2 protein chains.
Amino acid sequence: MSDQTAPTTAAGEPPTAAARGAESAVGAAEPTRARGEQTRQLILETALRLFRERGYAQTTMRAIAKEAGVAVGNAYYYFESKEHLIQEFYRRTQAEHLARAAAPLAAETDFAARLRAVLHAGIDVLGPSHAFAATFFKTAAEPTSPLSPFSVQSSEARSDAIGLFSEVLEGSRAKVDPELRPDLPELLWLAYLGVILYWVHDRSPGQTKTRLLIDGAVPLIDRLVALSRLRVLRPITAQTMQLIKTLRH
Amino acid sequence: MSDQTAPTTAAGEPPTAAARGAESAVGAAEPTRARGEQTRQLILETALRLFRERGYAQTTMRAIAKEAGVAVGNAYYYFESKEHLIQEFYRRTQAEHLARAAAPLAAETDFAARLRAVLHAGIDVLGPSHAFAATFFKTAAEPTSPLSPFSVQSSEARSDAIGLFSEVLEGSRAKVDPELRPDLPELLWLAYLGVILYWVHDRSPGQTKTRLLIDGAVPLIDRLVALSRLRVLRPITAQTMQLIKTLRH
DNA sequence: ACCGCAACTTGAACACGTTCAGAAAGGACG
DNA sequence: CGTCCTTTCTGAACGTGTTCAAGTTGCGGT
């Protein structure tokens, strides 16, 4: 990205921006990404850095703008609100989670081991951000927020995540009650949300307790899944599945 | 402040304030309740009314003060922050929950029926506030918030709530694995928190789905509790209890 | 009556997230 | 070049929660 024989349209700057093209008309409120792509990135990078350095609440929009060398209003041109800067954080976190989970998923076939690896990978990624992430995860808990994992806006991220747990299941040699199987990935995702919820509240140094939670819960889930085919438990399994179907939208 | 014949001490105003007395020195940051008790009540009543009428976010501190006929600063003399007004809402809700649960608990001895009644009573109390309660329950999800159900500040409310579920269990003729029994009330309370979490996100009219959740989950819990004594499940029970003990502070 | 002190009350001022009317900066077309 | 239009950018201004130095009030002691 340093040479100057850059062809046709190039000013030689946006190397990544080349990979645009397929601007799917999802129809969100975002400005049609073009010249300002660089500015957008600059603001985003600055914001995330400051969040990490000072915490979310302690980072003012004015500080972000100043540090990025733009006016406050400009930040609002690219991001609807301070919260929407977080959304980008989620996106990155999610992407890295997928990336880190890839290796163990390729290597392992045992269901419990796969699940355990994916859960740990998630916390691995989140880990360094615990201090500031915890303070805004509350926003995600608000039902009306677009950041809620159940919201329409995050449906893409959600299905990505659920897809990850689908792969956990499919790549394994676990035997699962056929009635349970189609819904299990979503349940595992819910369990993952539970882990995150615990992680957010986890005050132990290095959040080691969350690790214990994962290591403790995975065998239980594994056994429960196996037992779901047992005669004594079949009715409970069926009943549970029935309830879940009722409660889902 | 208009007439001048004001006699010695009496303006004839504080009839309720007479019932003070036992000012237990808990030593919180609250101002020593005395003359201002009336003002405090006035502000609180006004605030809760406005919350209900306009919603939490739409109610400004200025509006509360104006409506109550005091200065903004005065509201902050009695309540540390806008959020602390919510805390009072919790307290009342909790008290009414206890009150409403009393009757069914006195009448019923079946564990499932008792649990079901208590859960429904909770939602009964919360019901009318769904519109505005949902918007600030997020605050409770924040780990650092004093409103968090896990915080030190709400330990009294917490133990009250857990006590309610203790009574659910003790007043029943349920047979429970002795290893599980001492911790079951807390687990039931956690389940109740889960119900509330669902309720907050419940968009169905009248939150009927939450009712379905209760009616569906109670039999499952009931059966699970019963099964906990079963041979096949004993190891799982034990393992689960072990995990929970590890994870608790 | 007066003093002194603590309880209470005030409203201007602060910092923050957000909005908005308007500049600047490109670029396409003549 | 000039004209027009869209994209990008600006900073003052608004409404909010919260703070604070300064006032007022009521009461016990003299």
Side-chain angles (χ1 to χ4, degrees), chain A residues 8-11 13-14 17 20 23 29-44 46-47 50-51 54-86 135-136 139 145, chain B residues 1-4 6-14 17 20 23 29-44 46-47 50-51 54-66 68-87 135-136 139 145 147:
Chain A
T8 53
T9 60
E13 354 167 353
R20 178 111 24 68
E23 189 77 62
E30 316 232 339
T32 52
R33 215 69 50 63
R35 313 206 297 272
E37 181 65 20
Q38 269 191 132
T39 313
R40 190 191 145 88
Q41 283 303 318
L42 175 61
I43 293 170
L44 181 55
T46 309
L50 291 185
F51 286 165
R54 318 179 181 176
Y56 178 70
Q58 286 70 38
T59 303
T60 72
M61 290 302 282
R62 283 170 179 80
I64 295 171
K66 191 173 190 179
E67 197 88 356
V70 300
V72 228
N74 203 6
Y76 280 92
Y77 179 74
Y78 290 104
F79 300 94
E80 266 182 57
S81 72
K82 195 180 174 188
E83 281 189 15
H84 278 75
L85 286 163
I86 296 178
T135 70
F136 63 61
T139 327
S145 167
Chain B
M1 52 182 67
S2 47
D3 65 317
Q4 64 285 58
T8 51
T9 60
E13 343 170 358
R20 179 108 20 66
E23 190 77 62
E30 316 230 339
T32 52
R33 217 68 51 64
R35 312 206 298 271
E37 181 66 19
Q38 268 193 134
T39 313
R40 191 191 145 89
Q41 283 303 317
L42 176 61
I43 293 170
L44 181 55
T46 309
L50 290 184
F51 286 165
R54 318 179 181 177
Y56 178 70
Q58 286 70 38
T59 303
T60 71
M61 290 301 282
R62 283 169 180 79
I64 295 172
K66 191 172 189 180
V70 300
V72 230
N74 203 5
Y76 281 91
Y77 179 76
Y78 290 104
F79 301 94
E80 266 182 58
S81 71
K82 195 181 174 188
E83 282 188 14
H84 278 75
L85 285 162
I86 296 178
Q87 208 155 20
T135 70
F136 64 61
T139 326
S145 167
L147 278 88

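Proteins come first, then strands; the chains are lettered A, B, ... in the order of their sequence lines, and each starts at number 1. Note that the coordinates shown come from a computational prediction; the quantities given were computed from them, not determined experimentally.
Here C:dT9 presents its C1' atom at 14 Å from CG of B:L42, a figure rounded to the nearest Å. Residue A:Q41 contributes atom CD, which lies 14 Å from atom P of D:dT8 at whole-angstrom precision. Atom OH in B:Y56 sits roughly 8 Å away from atom P in D:dG17 (whole-Å rounding). In this entry the distance linking CD of A:Q38 with P of C:dA25 reads 17 Å, nearest Å. Residue A:K66 contributes atom NZ, which lies 15 Å from atom C1' of C:dC16 at whole-angstrom precision. In this structure, the CZ atom of A:R40 is 12 Å from the P atom of D:dC9, given to the nearest Å. The CD1 atom of B:I64 sits 13 Å away from the C1' atom of D:dT18 (whole-angstrom rounding). One atom, OH of B:Y78, and another, C1' of D:dG17, lie 20 Å apart when rounded to the nearest Å.
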N/O contacts under 3.5 Å, protein versus nucleotides 18-21 of chain C?
from	atom 1	to	atom 2	distance (Å)
C:dT18	OP2	A:Y76	OH	2.7
C:dT18	OP2	A:K82	N	2.9
C:dT18	O5'	A:Y76	OH	3.3

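In this structure, the side chain to side chain contact (heavy atoms under 4.5 Å, CB included) partners of A:R54, at least two apart in sequence or on a different chain, are A:L50, A:Q58, A:T59, A:A63, A:E67. Considering only residues two or more places apart in sequence or on other chains, A:Y56 meets the ring-ring contact (aromatic ring centres under 6.0 Å, His included) condition with A:F51, A:F136. For B:S81, the side chain to side chain donor-acceptor pair (under 3.5 Å) partners at least two apart in sequence or on another chain are B:H84. Residues passing the side chain to side chain contact (heavy atoms under 4.5 Å, CB included) test with B:Y76 are B:M61, sequence neighbours excluded.
Closest of all the heavy-atom pairs between B:A47 and B:I64 is CB-CD1, 3.8 Å.
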As a quick check of understanding, evaluate side chain to side chain contact (heavy atoms under 4.5 Å, CB included) for A:R40 and A:F79, giving each step before the final call. CA-CA 8 Å; A:R40 190 191 145 88; A:F79 300 94; 4.0 Å; yes
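For B:T39 and C:dT9, the shortest distance from a side-chain N or O to OP1 or OP2 is below 4.0 Å. OP1 and OP2 of D:dC9 both lie 4.0 Å or more from every side-chain N or O belonging to A:Y77.
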